[in-house]
Undergrad: 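Below is a structure I'd like to ask you about.
Everything quoted here is computed from the prediction, not taken from an experiment.
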Amino acid sequence: MAAKNPALLVIGLAILLSAGGLYLWRVASENTQLRLQNSEAVNAVDKLRKATDELTKNLAETRLNLDDKKHYISDIDAKLLKASGDLEASATELRNCLDNEKIIKENTEKQKTELEEKEAQLKTLTEEKKKIETSLGEFKKICNLPDLNETIKKVCSGQS
């Protein structure tokens, strides 16, 4: 039978060769597409790695900046606490000064009152002295006594 239809055999082989060629062409096309997709995937992975590296670097910088800000805030808090303490100390000192001023004013008022009382006593004593001097002068006139000071000097010195 093979000898009778060699054309059929050639046509069958041609169909097999065509099918094989078509299959190879499809595999080669798919291989080329897969290689393109692979290179695109590699490029995408490289871009992703670069982006990840950049993000990691930015994250590290952000952390450093955050640490700097935290340190700055801590310094400001410390200064604020110190200033608050100084302010409280100043307020306490001011309260003490105001209390002392109040005490001094009270003492000043007491001393003014005492001074006024002493001035009144001095005035009264001065008036009494004048009355006594007046009475002494009248007594001398009545008794015709020489000046009392001279008499006292004579008595003290031993002269008569």
Undergrad: Less than 4.5 Å apart, any side-chain heavy atom of Glu106 and any of Lys102?
TA: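 Answer yes - side chains close enough.
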Undergrad: Quick check for you: to the nearest 0.5 Å, what is the distance between Ile76 atom CD1 and Leu81 atom CG?
TA: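 It comes to 12.0 Å.
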Undergrad: What's the separation between atom CD in Glu133 and atom OG1 in Thr126, rounded to the nearest 0.5 Å?
TA: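 Reported to 0.5 Å precision, the distance equals 10.0 Å.
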Undergrad: Measure the CG-CG distance between Leu8 and Leu13 for me, rounded to the nearest 0.5 Å.
TA: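 If we round to the nearest 0.5 Å, Leu8:CG and Leu13:CG are 10.0 Å apart.
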Undergrad: State plainly whether the residues Glu101 and Lys105 are in salt-bridge range, i.e. N to O under 4.0 Å.
TA: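 Between Lys105 and Glu101 there is a salt bridge, with a charged N closer than 4.0 Å to a carboxylate O.
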Undergrad: Rounded to the nearest 0.5 Å, what separation is found between the CG atom of Leu16 and the CD1 atom of Ile11?
TA: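 Separation between the atoms: 12.5 Å.
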Undergrad: When rounded to the nearest 0.5 angstrom, what distance separates CD in Glu54 from CG in Leu59?
TA: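 It is 13.5 Å, given to the nearest 0.5 Å.
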Undergrad: side-chain contact (heavy atoms from CB on, under 4.5 Å) between Asn58 and Glu61: does it pass, once the steps are laid out?
TA: CA-CA 5 Å; Asn58 287 343; Glu61 288 176 7; 4.1 Å; yes
Undergrad: Whether Asp46 and Lys50 form a salt bridge (side-chain N of Lys/Arg under 4.0 Å from carboxylate O of Asp/Glu) is what I want to check.
TA: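 Between Asp46 and Lys50 there is no salt bridge, as every charged N stays at least 4.0 Å from the carboxylate O atoms.
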Undergrad: How does the hydrophobic cluster around Leu94 look, that is, which other residues are in it when side-chain heavy atoms under 4.5 Å mark a link?
TA: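 Grouped by the 4.5 Å side-chain rule, Leu98 form the rest of the cluster around Leu94.
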Undergrad: Looking at CG of Asp67 and NZ of Lys69, how far apart are the two atoms once the value is rounded to the nearest 0.5 Å?
TA: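 It comes to 12.0 Å.
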Undergrad: So do Asn43 and Glu40 actually touch side chain to side chain, heavy atoms under 4.5 Å?
TA: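 Glu40 does not reach Asn43 side chain to side chain.
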Undergrad: Using a 4.5 Å cut-off between side-chain heavy atoms of Ile, Leu, Val, Met, Phe, Trp and Tyr, which other residues end up in the same hydrophobic cluster as Trp25?
TA: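 Same cluster as Trp25: Leu22.
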Undergrad: Using side chain to side chain contact (heavy atoms under 4.5 Å, CB included) as the criterion, point out the one residue from Gln111, Glu119, Lys112 that pairs with Leu115.
TA: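 Among Gln111, Glu119, Lys112, the one meeting side chain to side chain contact (heavy atoms under 4.5 Å, CB included) with Leu115 is Glu119.
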Undergrad: When Ile, Leu, Val, Met, Phe, Trp and Tyr are grouped by side-chain heavy atoms lying under 4.5 Å apart, directly or through other members, which residues fall in the same group as Leu66?
TA: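 Same cluster as Leu66: nobody, lone residue.
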